[in-house]
J.: 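Just passing along the structure, written as structure tokens.
Any value given below was found using the heavy atoms of this structure, including those in side chains, with hydrogens, waters and symmetry copies removed.
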Amino acid sequence: MEGKGKVNGVAAMAACYQGFDPAAYLQYNYTPPRADFERKDSIVPWKLACLHRAFTEGDVRGELLVDIGSGPTLYQVLSGCEVFNKVLLTDFLEVNRQELRGWLEDEGGCNLDWTPYLQHVCKLEGRRPSAWTEKAAKLRQVITDIVPVDVHRPQPLALDTLPSEGADCLVSCFCLESVSPDLAAFTRALGHIGRLLRTGGHLLLIGALGESYYFGGPGVRIPVVPLNEAQVCASLKESGYTLIRLEVYTLPQDMRVGVDDVSGVFFVKAIKE
């Protein structure tokens with residue numbers, strides 16, 4: 001019966017996502033105040049700074065970077081595209097993959113202008129903001145594909161998607177806790193994605209702390225596993241990762257805009273044992 005319960009819980013989560021609206025989600029989370037590049041305490045600049053630091057410390061390198069559960073967003077690979085020759089984007093939902101393809105094909109129709117993000121990361125890299133066009137071109141050049149993923153499967157990607165040795169680095173932001181029915185499923189998902197990573201490869205993980213739900217669209221309330229720092233660390237250890245660094249951001253009151261009940265965000269840099 002336990003196995004059936006696992007399946008039912010995962011199926012119920014998948015059903016929640018059928019109403020997911022990329023345009024609404026981007027509006028809720030990736031515009032001011034959460035994406036205010038003039039504020040040092042805004043959540044998006046904090047995430048971009050964590051990723052920039054991780055990708056420029058010199059130990060995260062290789063040929064292939066895989067983003068697990070990209071959603072309709074690109075910010076999480078803006079620093080990594082300078083380090084890796086190939087970037088693979090993945091998501092469970094076709095509507096999100098379609099949103100990403102819209103940007104990749106550069107034919108307009110995207111639900112968010114990523115220019116301020118590109119400009120901000122250029123500044124983090126010590127480049128002039130006007131270099132954003134070069135960065136956009138570089139990102140389009142290194143993205144090899146946008147493919148389906150299911151982190152609840154022991155093999156989350158289709159066979160032969162990755163080289164036999166696995167990816168050199170995984171990045172995953174607000175995915176695993178948002179698609180898992182409970183902490184055990186979150187931990188199993190961490191183990192599943194670890195099978196995509198070569199031994200000694202890095203995991204860069206961003207996720208919500210203390211969050212029990214978020215809105216994936218008007219009236220689309222999606223349950224989340226409410227995590228604390230100790231649970232994140234324990235799940236990583238159980239799943240075969242060695243923690244290098246854990247950083248925590250606490251949301252200012254005016255960042256709590258009614259689209260979720262998140263209290264903080266964690267950033268993890270870890271290595272696969």
J.: Taking everything shown except Lys123 itself, do over 12 heavy atoms lie less than 6.0 Å from its NZ?
T.: no

J.: Set out, in order, the CA-CA distance, both residues' side-chain angles and the distance that settles side-chain contact (heavy atoms from CB on, under 4.5 Å) for Thr115 and Trp132, then state yes or no.
T.: CA-CA 7 Å; Thr115 305; Trp132 75 267; 3.6 Å; yes

J.: Side-chain contact, heavy-atom cut-off 4.5 Å: Arg127 with Val121?
T.: no

J.: Looking at every non-hydrogen atom in both residues, tell me the closest pair between Phe55 and Cys169 and how far apart they are.
T.: CE2-SG, 4.3 Å

J.: With side chains defined as the heavy atoms from C-beta onward, is the minimum distance between Ile193 and Val149 less than 4.5 Å?
T.: no

J.: Give a yes or no answer on whether the side chain of Glu105 reaches the backbone of Gly102 with a donor-acceptor pair at less than 3.5 Å.
T.: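 No, the answer is negative, given that no donor and acceptor are paired below the 3.5 Å cut-off.
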
J.: What residues form a salt bridge (charged side-chain N to carboxylate O under 4.0 Å, His left out) with Arg221, not counting sequence neighbours?
T.: none

J.: Mind checking whether Tyr25 and Phe20 have parallel, tilted or perpendicular rings, split at 30° and 60°?
T.: tilted

J.: Shortest non-hydrogen contact from His202 to Asp59?
T.: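 Shortest heavy-atom separation between His202 and Asp59 comes out as CE1-O, 3.3 Å.
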
J.: What residues join Tyr213 in its hydrophobic cluster, counting side-chain heavy atom gaps under 4.5 Å, either direct or through other members?
T.: Tyr28, Phe215, Val257, Val259

J.: Keeping Asp36 on the side-chain end and Pro32 on the backbone end, is there a donor-acceptor pair under 3.5 Å?
T.: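 Not confirmed, Asp36 side chain does not pair with Pro32 backbone.
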
J.: Tell me, do Phe84 and Leu64 make a side-chain contact under 4.5 Å, heavy atoms counted?
T.: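 Heavy-atom side-chain distance check fails, nothing below 4.5 Å.
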
J.: Is the backbone N or O of Ile68 less than 3.5 Å from a side-chain atom of Ser172, with the two atoms forming a donor-acceptor pair by type?
T.: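 Judged by distance alone, yes, a pair lies under 3.5 Å.
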
J.: Taking atom CG of Leu197 and atom CD of Glu273, what is their separation to the nearest 0.5 Å?
T.: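 Here the interatomic distance stands at 11.5 Å.
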
J.: Mind checking whether Leu118 and Thr133 have side chains closer than 4.5 Å, heavy atoms only?
T.: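 Of all side-chain heavy-atom pairs linking Thr133 with Leu118, none is under 4.5 Å.
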
J.: In chain order, what residues pass the salt bridge (charged side-chain N to carboxylate O under 4.0 Å, His left out) check against Arg153, with sequence neighbours excluded?
T.: Asp150

J.: Using modelled atom types and a 3.5 Å cut-off, is there a donor and acceptor pairing between side-chain atoms of Asp91 and backbone atoms of Asn96?
T.: no

J.: Which heavy-atom pair separates Leu51 from Gln76 by the least distance, and what is that distance?
T.: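 The pair with the smallest heavy-atom distance is CD1-CA, 3.7 Å.
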
J.: Taking Glu177 for its side chain and Pro226 for its backbone only, find out whether a donor-acceptor pair lies under 3.5 Å.
T.: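 Flag not set: sc Glu177 to bb Pro226 has no pair under 3.5 Å.
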
J.: Report yes if the side chains of Leu65 and Val142 come closer than 4.5 Å at any heavy-atom pair, otherwise no.
T.: no

J.: List the steps and the verdict of side-chain contact (heavy atoms from CB on, under 4.5 Å) for Ser178 and Met13.
T.: CA-CA 9 Å; Ser178 302; Met13 286 301 305; over 6 Å; no

J.: Determine yes or no for a side-chain-to-main-chain donor-acceptor pair under 3.5 angstrom, with Thr161 supplying the side chain and Leu157 the backbone.
T.: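 No; judged by distance alone, with no hydrogens or angles, the pair does not exist.
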
J.: Using 0.5 Å steps for rounding, measure from the OG atom of Ser42 to the NE2 atom of His120.
T.: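 Atom-to-atom, Ser42:OG and His120:NE2 are 9.0 Å apart.
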
J.: What closest approach, in Å, do Asp21 and Gly217 show between heavy atoms, and which atom pair accounts for it?
T.: CB-CA, 4.0 Å

J.: Taking the side chain from Arg140 and the backbone from Trp103, do they hold a donor-acceptor pair closer than 3.5 Å?
T.: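 Indeed, once roles are kept as given, a pair shorter than 3.5 Å links the two residues.
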
J.: Who pairs with Arg39 by salt bridge (charged side-chain N to carboxylate O under 4.0 Å, His left out), at least two apart in sequence or on another chain?
T.: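 Once residues adjacent in sequence are excluded, the partners of Arg39 under the salt bridge (charged side-chain N to carboxylate O under 4.0 Å, His left out) criterion are Asp41, Asp254.
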
J.: What distance separates Gln119 CD from Tyr117 OH, expressed to the nearest 0.5 Å?
T.: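 Going from the CD atom of Gln119 to the OH atom of Tyr117 covers 12.5 Å.
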
J.: So do the side chains of Leu205 and Phe267 get within less than 4.5 Å of each other, counting heavy atoms only?
T.: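 No; the side chains remain at least 4.5 Å from each other.
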
J.: Would you compute the distance between atom CG of Leu74 and atom SG of Cys110 and round it to the nearest 0.5 angstrom?
T.: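 If we round to the nearest 0.5 Å, Leu74:CG and Cys110:SG are 8.0 Å apart.
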
J.: Under 4.5 Å between side-chain heavy atoms, hopping through other hydrophobics if needed: is there a path connecting Val262 to Met255?
T.: yes

J.: Kindly indicate whether the side chain of Lys272, heavy atoms from C-beta on, has any atom under 4.5 Å from the side chain of Thr242.
T.: no

J.: With the threshold set at 4.0 Å, does a side-chain nitrogen-carboxylate oxygen contact exist between Glu238 and Arg188?
T.: no

J.: Tell me whether Glu82 is salt-bridged to Lys135, with the criterion being a basic N under 4.0 Å from an acidic carboxylate O.
T.: yes

J.: Rounded to the nearest 0.5 Å, how far apart are CG of Asn29 and CG of Leu26?
T.: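 Here the rounded value is 8.0 Å.
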
J.: For Phe174 and Thr73, what are the C-alpha separation, side-chain angles and deciding distance, and is it a side-chain contact (heavy atoms from CB on, under 4.5 Å)?
T.: CA-CA 11 Å; Phe174 302 104; Thr73 66; over 6 Å; no

J.: Are Arg53 and Glu247 within salt-bridge range, i.e. N to O under 4.0 Å?
T.: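 A salt bridge is present here (some side-chain N lies under 4.0 Å from a carboxylate O).
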
J.: So, for Tyr30 and Tyr75, is the gap between ring centers shorter than 6.0 Å?
T.: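 Ring centroids of Tyr30 and Tyr75 are less than 6.0 Å from each other.
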
J.: Taking only residues two or more places apart in sequence or in another chain, which ones pass side-chain hydrogen bond (donor to acceptor under 3.5 Å, both in side chains) with Arg198?
T.: Asp168

J.: Looking at every non-hydrogen atom in both residues, tell me the closest pair between Pro72 and Trp114 and how far apart they are.
T.: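 Closest heavy-atom pair between Pro72 and Trp114: O-CZ2, 3.7 Å.
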
J.: When you group the ILVMFWY residues by side-chain heavy-atom contacts below 4.5 Å and let the links chain together, are Val268 and Trp46 in the same group?
T.: yes

J.: Please check: side-chain N/O of Thr90 versus main-chain N/O of Asp67, any donor-acceptor pairing under 3.5 Å?
T.: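 Yes, the answer is positive, given that a donor and an acceptor are paired below the 3.5 Å cut-off.
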
J.: Would one find more than 12 heavy atoms of other residues, nucleotides or ligands at under 6.0 Å from atom CD of Glu94?
T.: yes

J.: Do the side chains of Leu89 and Leu104 get nearer than 4.5 Å, heavy atoms only?
T.: no

J.: Ignoring hydrogens and geometry beyond distance, is a side-chain donor-acceptor pair present between Asp261 and Ser212 at under 3.5 Å?
T.: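 Indeed, the side chains of Asp261 and Ser212 share at least one donor-acceptor pair under 3.5 Å.
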
J.: Do Leu243 and Leu227 belong to the same hydrophobic cluster, where Ile, Leu, Val, Met, Phe, Trp and Tyr are linked whenever their side-chain heavy atoms lie under 4.5 Å apart, directly or via other members?
T.: yes

J.: From Leu100 CG over to Ile143 CD1, what is the distance, rounded to the nearest 0.5 angstrom?
T.: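 The CD1 atom of Ile143 is 7.5 Å from CG of Leu100, to the nearest 0.5 Å.
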
J.: I'd like to know if the side chain of Arg195 reaches the main chain of Pro154, judged simply by a donor and an acceptor atom lying under 3.5 Å from each other, with no hydrogens or angles considered.
T.: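 Pair found, side chain donor or acceptor close to backbone of Pro154.
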
J.: Shared ILVMFWY cluster between Leu170 and Ile244, side chains joined below 4.5 angstrom?
T.: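 Different clusters: Leu170 never reaches Ile244 through Ile, Leu, Val, Met, Phe, Trp or Tyr contacts under 4.5 Å.
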
J.: Using the rule that two of Ile, Leu, Val, Met, Phe, Trp, Tyr join whenever any of their side-chain heavy atoms come within less than 4.5 Å, decide whether Val10 and Tyr17 are in one cluster.
T.: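 Cluster IDs for Val10 and Tyr17 differ.
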
J.: Could you walk me through whether Val171 and Cys173 pass the side-chain contact (heavy atoms from CB on, under 4.5 Å) test, one step at a time?
T.: CA-CA 7 Å; Val171 60; Cys173 301; 4.1 Å; yes

J.: Which heavy-atom pair separates Asn111 from Glu99 by the least distance, and what is that distance?
T.: ND2-OE1, 2.7 Å

J.: Side chain of His192, backbone of Val151: donor and acceptor closer than 3.5 Å?
T.: yes

J.: Restricting to side-chain hydrogen bond (donor to acceptor under 3.5 Å, both in side chains), what partner residues turn up for Ser263, sequence neighbours left out?
T.: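 Listed in chain order: nothing, the list is empty.
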
